[in-house]
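Reckoned from all heavy atoms, side chains included, excluding hydrogens, waters and symmetry mates. Below, chains carry the letters A, B, ... as their sequence lines are ordered, and counting in each starts from 1.
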Amino acid sequence: NAGVMQNPRHLVRRRGQEARLRCSPMKGHSHVYWYRQLPEEGLKFMVYLQKENIIDESGMPKERFSAEFPKEGPSILRIQQVVRGDSAAYFCASSPFQGQNNEKLFFGSGTQLSVL
Amino acid sequence: AQTVTQSQPEMSVQEAETVTLSCTYDTSESDYYLFWYKQPPSRQMILVIRQEAYKQQNATENRFSVNFQKAAKSFSLKISDSQLGDAAMYFCAYRSGGGGADGLTFGKGTHLIIQP
């Protein structure tokens with residue numbers, strides 16, 4: 001059973017370009033969370049999605065950032081017109097169900113976004 | 001809003017010795033969950049141990065144990081018989097047990113160094 005898969009592992013973009021980060025949850029998991037980690041910081045919650053629905057996007061900037069988790073395919077975190085401050089490691093986590101809040105979150109290895 | 005504080009940016013311990021990592025949190029909730037995650041240089045987030053707030057008994061996982069003091073809002077991690085493979089960033093995390101869509105709230109982390 002493969003773990004949470006994120007790609008690419010490293011992504012380099014120039015200011016103003018678009019960044020697309022992909023996350024395939026563990027098999028059987030229908031809930032996906034995205035987190036951002038700045039250098040020397042802990043992970044900060046961005047958005048929580050279930051299949052085809054955004055449940056909580058309170059941690060995601062209103063401008064330039066969007067996320068989706070389509071019925072088929074991976075979850076995508078999209079950052080438009082990237083700026084240097086977007087440089088960070090972006091982590092995806094998945095869980096098999098929501099409501100029983102002691103479920104574990106299974107994390108991917110992250111995508112390191114570098115904006116030149 | 002909940003906050004998680006890790007006051008030790010870095011800790012160092014001799015191999016085979018015991019080390020304790022501190023974590024305090026602030027919440028007005030009575031139902032919640034606490035976690036310790038390990039992040040080695042590979043960047044993978046690995047769940048080390050978790051504690052349900054309603055349980056008085058401290059959680060234990062092999063060489064890892066916690067000292068959960070609910071009244072003091074303290075959740076420290078004790079690593080016994082430290083091994084070189086324990087070297088990593090350690091993050092304390094909080095999750096609401098309210099049944100909502102809350103993600104994890106992380107502390108800033110403690111960098112654990114194991115001296116051979």
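Remark: the backbone N or O of B:L104 is paired with a side-chain donor or acceptor of A:Y35 at under 3.5 angstrom.
When side chains are defined from C-beta on, B:F106 does not count as touching A:F45, because their heavy atoms never get closer than 4.5 Å. A 4.5 Å side-chain heavy-atom check between B:R95 and A:L105 finds at least one atom pair inside the cut-off.
We find the CD-NZ distance between A:Q37 and B:K108 to be 12.5 Å, quoted to the nearest 0.5 Å. Separating the SG atom in A:C92 from the CE atom in B:M45 is a distance of 13.0 Å, to the nearest 0.5 Å. Note that CZ of B:F91 and CD of A:E41 are 9.0 Å apart. Values are rounded to the nearest 0.5 Å.
A:L43 and A:M46 fall into different hydrophobic clusters, where Ile, Leu, Val, Met, Phe, Trp and Tyr are joined by side-chain heavy atoms under 4.5 Å apart, directly or via other members. In the hydrophobic clustering of ILVMFWY residues, with side-chain heavy atoms under 4.5 Å counting as a link, B:V4 and B:L34 come out together. Clustering ILVMFWY residues whenever any of their side-chain heavy atoms sit less than 4.5 angstrom apart, transitively, puts A:F69 in a cluster other than the one holding A:Y33. Cluster membership check: B:W36 shares its hydrophobic cluster with B:M11, using side-chain heavy-atom separations under 4.5 Å among Ile, Leu, Val, Met, Phe, Trp and Tyr.
Counting heavy-atom pairs under 4.5 Å between each of A:G59, A:G108, A:A89, A:S58 and chain B puts A:G108 at the top.
Residue-environment remark: CD (B:E10) exceeds the threshold of 12 foreign heavy atoms within 6.0 Å. The environment of B:Q83 atom CD is dense: over 12 non-hydrogen atoms of other residues, nucleotides or ligands sit within 6.0 angstrom. No more than 12 heavy-atom neighbours from other residues, nucleotides or ligands sit within 6.0 angstrom of NZ on B:K78. Heavy atoms of other residues, nucleotides or ligands lying less than 6.0 angstrom from NZ of B:K55 number 12 at most.
For chain A, no part of B:Q6 is nearby; none of its heavy atoms comes within less than 4.5 Å. Contact annotation for A:F106: neither backbone nor side-chain heavy atoms come within less than 4.5 Å of a heavy atom of chain B.
Heavy-atom minimum distance, B:S42 versus A:R9: O-NH2, 2.7 Å. Closest approach of A:F91 to B:R43, counting heavy atoms only: CE2-O, 3.2 Å.
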